[in-house]
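The block underneath contains the structure these notes are about, expressed in structure tokens.
The chain is numbered in sequence order, starting from 1.
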Amino acid sequence: MRPSSSKKVSALADEIVERCKRGVLCAPFGMADIRKHFGAHYADSHIRTVLPNYCETTGYWAKRGYRPRFKKVGWGKYDIL
């Protein structure tokens, strides 16, 4: 069964989007920026995978029907959708 596009999978992806919308996290952002904001709350392995997994064209979760949260704008740099 394919998940609905509004189903939430990653709280971290949602928090990144929310902080960008509020202006707390500036785009484009990379792994180092995410570690500064969320390193105390999430494992480094999770931080390393969440950006590419939610990318609009190549992301694991995006390809499986979940709503993509990010777009790649450069080498290791992402922006919100």
Side-chain angles (χ1 to χ4, degrees):
M1 187 148 102
R2 190 153 264 224
S4 69
S5 61
S6 63
K7 185 174 180 181
K8 292 183 181 181
V9 175
S10 175
L12 178 55
D14 292 335
E15 289 182 47
I16 293 168
V17 171
E18 183 60 34
R19 287 193 185 188
C20 282
K21 288 181 179 178
R22 289 186 320 198
V24 176
L25 180 62
C26 296
F29 48 85
M31 298 296 173
D33 301 310
I34 302 305
R35 283 186 186 106
K36 286 179 195 173
H37 286 268
F38 300 102
H41 304 290
Y42 292 95
D44 193 55
S45 59
H46 183 60
I47 291 171
R48 279 194 318 269
T49 60
V50 77
L51 293 177
N53 281 345
Y54 283 91
C55 190
E56 68 181 340
T57 56
T58 59
Y60 175 87
W61 291 112
K63 287 182 177 180
R64 279 146 186 81
Y66 289 88
R67 181 174 57 150
R69 307 297 281 163
F70 312 111
K71 62 181 173 181
K72 194 166 186 169
V73 296
W75 180 257
K77 296 291 183 182
Y78 297 85
D79 199 350
I80 62 171
L81 290 174

- Query: Closest heavy-atom contact between H37 and V24?
  - Reply: CE1-O, 3.6 Å
- Look only at the side chain of D33 and the backbone of G30, and say whether a donor-acceptor pair between them is shorter than 3.5 Å. yes
- Task: Just do the side-chain contact (heavy atoms from CB on, under 4.5 Å) check on Y54 and I16 with the steps written out, would you?
- Result: CA-CA 11 Å; Y54 283 91; I16 293 168; over 6 Å; no
- From CG (L51) to CG (L12), nearest 0.5 Å: 7.5 Å
- Query: Is NZ or CZ of R64 both nearer than 6.0 Å to the six-membered ring centre of Y60 and within 45° of the ring axis?
  - Reply: yes
- Query: What are the two closest heavy atoms between T57 and K63, and how far apart are they?
  - Reply: O-CE, 3.7 Å
- Assess whether side-chain contact (heavy atoms from CB on, under 4.5 Å) is satisfied between F70 and L81, documenting all intermediate values. CA-CA 5 Å; F70 312 111; L81 290 174; 5.7 Å; no
- Query: Hey, what do you get for CG (L25) to CZ (F38), rounding to the nearest 0.5 Å?
  - Reply: 6.5 Å
- Query: What are the two closest heavy atoms between R69 and D14, and how far apart are they?
  - Reply: NH2-OD1, 3.1 Å
- Message: Restricting to non-hydrogen atoms, name the atom on K77 and the atom on P28 that form the minimum distance, rounded to 0.1 Å.
- Response: CB-CB, 4.1 Å
- About how many Å separate CG of D79 and CD of E56, when rounded to the nearest 0.5 Å? 10.0 Å
- I47 and G39: which non-hydrogen atoms are nearest, and at how many Å? CD1-CA, 3.9 Å
- Task: Kindly give the heavy-atom pair with the smallest separation between Y78 and C55, and that separation in Å.
- Result: CE2-SG, 4.1 Å
- At what distance, to the nearest 0.5 angstrom, does CZ of R19 lie from CZ of F29? 12.0 Å
